[in-house]
Amino acid sequence: MTPDTIDIRYVATLARIALSDDEIERFSKELGELLGHVRALQELDTASVPATAQVVESRNVLREDVERPCLDREVVLDGAPQRQGGFFRVPRIIAE
Amino acid sequence: MNAAEIARDVSARRVSAAEVTAATLARVQAVDGDVGAYLTLLGEIARSSAARVDERIAAGEHLALAGVPIALKDNMCLEGARTTCASKILEHWIAPYTATAVARLLEAGAIPIGKANCDEFAMGSSCENSALGVTRNPYDLARVPGGSSGGSAAAVAAGEAAIGLGSDTGGSIREPAAFCNLVGFKPTYGRVSRYGLIAFASSLDQIGPLARSVEDAALAYDIMAGYDPMDATSLDRPVERTADSLRADLAGLRVGIVREFDTKALGERSDALYREAYRDLERLGAELVDVSLPTADYGLATYYLIAPAECSSNLARFDGVRYGLRVEGADVRAMYDNTRAAGFGPEVKRRILIGTHALSSGYYDAYYVRAQKARTLIARDFERAFAQCDLIACPAASCPAFVFAAKSDPYSMYLMDYYTIPMSLAGLPALSVPCGWTVPEGGNLPLPIGLQLCAPLFGEKLLLGAAAAYERATNHALAHPAQIGTVPA
C-alpha cells in the first residue's frame, strides 16, 4: 500500500470543492490519521481474494423497452437553482 | 401506543385516523421544541392522508397500517415535501416523487407526520452532523439520539410517531435504536427498494424501521419489502411474511457468540448486561456456540474506504445545476467549487475527499480494490460462522448515548459503528433490541443499551421471530420512561 499521505489541495480539485486554508490544514491532519488507521488492511493476505462490489446476487437487470410516464418537466425544473424555459440554466461553458 | 394497536383500533373504527393524527400532531407541538426530531412537519399532508384512510376504512378496505403515524428520515423523498438530507445544499428542495418504501407504507394506511432530522446525507452516528437542526435524546436531553437516523429514533421514543423510517449504511438504524430504547431493523441488502432514498453508499444503503416493538418493526417491514422495478438492486425473490411468525421461545436455535467481540472492553455494567442477555437467550432454549469472525476487526478500515468512495461518486450530482443550492463563480468550474464548498458540511467534505482520494489514479488498487477484497473476507467469516449457528448475538453499539460534542475527533465517532459495520459489509439482516439500562459515569438518568442479533442473508423471518421471543421474555424497553414524559395513548 502507498504511504499514508493525501494531497488535499489536489483531491479537492478532483472533488470540485473550494477549501479554505483552515480546512486544508484540518482535513490534511484528520484524513492523514484516517489513512493511518486503514493502513491495517495491509496485514490481510488478499492475493487470491476476489473483490466484492455488492454482496447479494447481482445480474443484468433488463426491462421491456416500452414508453412509460416520466417525471413532470415543470416540477423537476422548479427544483433547479436556475432555469430558462424548458432548460436548466448553467454558466457559460465554452469560451467566446 | 404501538403501531399494531393503532392499526387494530382504527381498522375496528374505535378511533379514527383523523383523531390519531390530531393527537400525534398535538404531541409534536408539546414536545418537539425539546426533542427536535423533525425538520419539517407535514401537518396538511398528514391530515389529508388521515381523511383518505378514514374513507377507505369506511368503504370496507383492510389496511395493515391504518392510521399509524410515521416519521420519515429526511433523506427519503415524499412528493411535494421538502427533502433536505439535513444539508444546506438541499435546504429548500422539494421532492418531485415519492420513495417506493414510503409509498408502500402510505398505501397501507400510514400517516406521514414529518421529515425527521439526521446526520447530513446520513453520515454520522449522533445527528450532530445535521446542518439544519439539533435532535436530543428523549431519555436524557443532554445526550445525542444516535445517528444517522437520530430524528426518526427520537420521534418514536418521544411519542411523536409510532414507526420511524431510517436508513442504515454502517449502523444508522441499529445504533440510534439502541440509544433510544427501540427496535431498529436493517433488512438484507436489497430487500427494501432504495428508489427515492437519496444515495450515500449504494452497495450498503438499506431502508428499515425503528419501532417500539419487534411486532411493529415486522409489520412495517412486511409492507416495505419486495422487488421494485425502479431499483435494479432490489431483490427479485419471494418475501416471507414475518409479522405472524414471531416466536415464543428459541428452542432448537444455535446462537453464535463472537469470540473477538469481548464485552469486557465496554465496561463492567455493559459487560454484565450483555452476559445476562446471552444467558436469557439460553434460558429461552437457544444453544450458545462460540464463533469466530477473525476479519471483523478490519471492518472499520474497509468501510471507511468503500462508503466514502461510493459517497464521492453519488454526491457528484450536487453541482449547482439540477438541485438545490447554487453559489455563483467566475466560471462554471468556480460555480461548482463554490456551491459544494458552501453546501456541504465538514463530515460530508471529509468523506468526499477521502473517497475521491481512494478512487484516484495511483491509489485505486491500494485503497479501494484492497477494501473490496477485505469485504469478501469479512463476508466469508460470516458464512463460516453461520455454518455453526443460526443467529449471531453481540452488542449494537460501543457505548450508550453520549453527551453532545463528546466525540469531536472524527475517528472516535467512527468507532461507534464497530459492531454494526461488519454486518453491513456482508449485506446481512440485523437488528438492535433493548437489553437493559445503565447509568453512565457523570450521568444521573438510566440509559438503554441494545443487543444486536444478526441472521444469514434473507433470514428476516428467523431474526424477527427470535427477537420477539427475547423481547417478550425480558421486556427491558418498559423498565424506564423517557425523560421527556410518558407517551400518551
Side-chain angles (χ1 to χ4, degrees), chain A residues 1-2 6-8 10-20 23 26-27 30-31 33-63 71-72 74-82 88-93 95, chain B residues 93-94 96-97 188-190 203 229 232-233 235 295 298 300-302 304-305 312 316 319-326 328-329 331-338 340-341 344 349-350 352-354 356-357 360 362-363 366-367 369-377 379 410-411 425-427 457:
Chain A
M1 203 177 267
T2 38
I6 175 166
D7 180 348
I8 291 286
Y10 170 66
V11 173
T13 312
L14 295 177
R16 302 278 188 272
I17 301 176
L19 295 181
S20 67
E23 282 179 314
R26 176 181 169 192
F27 292 149
E30 288 170 347
L31 298 182
E33 283 168 13
L34 178 60
L35 289 177
H37 288 295
V38 305
R39 194 183 176 83
L41 292 182
Q42 282 182 93
E43 297 159 12
L44 295 173
D45 178 8
T46 56
S48 58
V49 179
T52 294
Q54 188 154 314
V55 179
V56 292
E57 64 199 56
S58 57
R59 65 255 176 273
N60 289 326
V61 178
L62 304 173
R63 64 168 170 81
L71 296 175
D72 183 85
E74 286 304 306
V75 173
V76 171
L77 286 167
D78 277 348
Q82 280 189 39
F88 295 110
R89 185 179 167 88
V90 295
R92 178 182 298 279
I93 287 169
Chain B
W93 188 68
I94 309 291
Y97 66 97
T188 303
Y189 177 81
S203 79
T233 61
L235 291 167
T295 323
Y298 297 91
L300 220 58
T302 305
Y304 277 100
L305 290 170
S312 72
D319 58 0
V321 174
R322 288 160 294 166
Y323 330 87
L325 185 74
R326 174 184 292 184
E328 299 295 350
D331 54 21
V332 70
R333 173 60 199 262
M335 185 278 282
Y336 293 149
D337 289 355
N338 295 341
R340 291 161 66 81
F344 293 137
K349 286 178 184 169
R350 266 194 289 272
I352 290 175
L353 292 169
I354 203 78
T356 303
H357 180 61
S360 65
Y363 294 96
Y367 287 126
V369 174
R370 192 165 192 97
Q372 286 187 309
K373 291 180 172 184
R375 186 175 185 178
T376 306
L377 294 175
Y411 195 74
L425 288 168
L457 291 171

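No hydrogens, no waters, no symmetry mates; every other heavy atom, side chains included, goes into these values. Chain A is the first sequence line, chain B the second, and so forth, proteins listed ahead of strands; every chain is numbered from 1.
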If you count heavy-atom pairs under 4.5 Å between each of B:L325, B:L377, B:V369, B:L457 and chain A, which one has the most?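 Looking at each option in turn, the highest pair count goes to B:L377.
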
Contact leader toward chain A among B:G190, B:G324, B:G329, where contacts are heavy-atom pairs under 4.5 Å: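 Among the listed options, the one with the most contacts to chain A is B:G324.
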
Is [X] in contact with chain A via its backbone, its side chain, both, or neither, using a 4.5 Å heavy-atom distance?
| X | result |
| --- | --- |
| B:A426 | backbone |
| B:P410 | side chain |
| B:T302 | both |
| B:L235 | side chain |
| B:A371 | both |

Do you know which two heavy atoms are closest between [X] and [Y], and how far apart they sit?
| X | Y | answer |
| --- | --- | --- |
| A:L41 | B:R370 | O-NE, 3.1 Å |
| B:L353 | A:A15 | CD2-CB, 4.4 Å |
| A:P81 | B:G320 | CG-O, 3.3 Å |
| B:Q372 | A:A53 | NE2-CA, 3.5 Å |
| A:R89 | B:R326 | O-NH2, 2.5 Å |

Between A:H37 and B:Y411, is the ring centroid distance below 6.0 Å?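 Under 6.0 Å, so yes.
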
Has the side chain of B:T376 got a donor or acceptor atom that lies under 3.5 Å from a matching backbone atom of A:T52?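 Flag set: sc B:T376 to bb A:T52 pair under 3.5 Å.
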
Using only atom types and a distance under 3.5 Å, with no angle test, would you say the side chain of B:R322 pairs donor to acceptor with the backbone of A:F88?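 Checked: no pair found.
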
4.5 Å side-chain heavy-atom contact, [X] and [Y]:
| X | Y | answer |
| --- | --- | --- |
| B:Y189 | A:V55 | no |
| A:I17 | B:T356 | no |
| A:V75 | B:Y97 | no |
| A:V38 | B:I354 | no |
| A:L35 | B:H357 | yes |
| A:V49 | B:R375 | no |

Which value, rounded to the nearest 0.5 Å, describes the distance between B:D337 atom CG and A:L19 atom CG?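 Rounded to the nearest 0.5 Å, the CG-CG separation comes out at 9.0 Å.
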
Nearest-0.5 Å distance that lies between atom CD in A:Q82 and atom CD in B:E328: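 CD of B:E328 is found 5.0 Å from CD of A:Q82.
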
Options A:L44, A:V61, A:T46, ranked by heavy-atom pairs under 4.5 Å with chain B, top entry: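 Heavy-atom pair counts peak at A:L44.
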
Max heavy-atom pair count under 4.5 Å with chain B, selected residue of A:V90, A:D72, A:I8: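 Among A:V90, A:D72, A:I8, the one with the most close pairs to chain B is A:V90.
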
Give, as side chain, backbone, both or neither, the part of [X] having an atom under 4.5 angstrom from any heavy atom of chain B.
| X | result |
| --- | --- |
| A:V11 | both |
| A:T13 | both |
| A:R63 | neither |

Tell me which one of A:L14, A:D7, A:I6 satisfies side chain to side chain contact (heavy atoms under 4.5 Å, CB included) with B:S360.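 That would be A:L14.
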
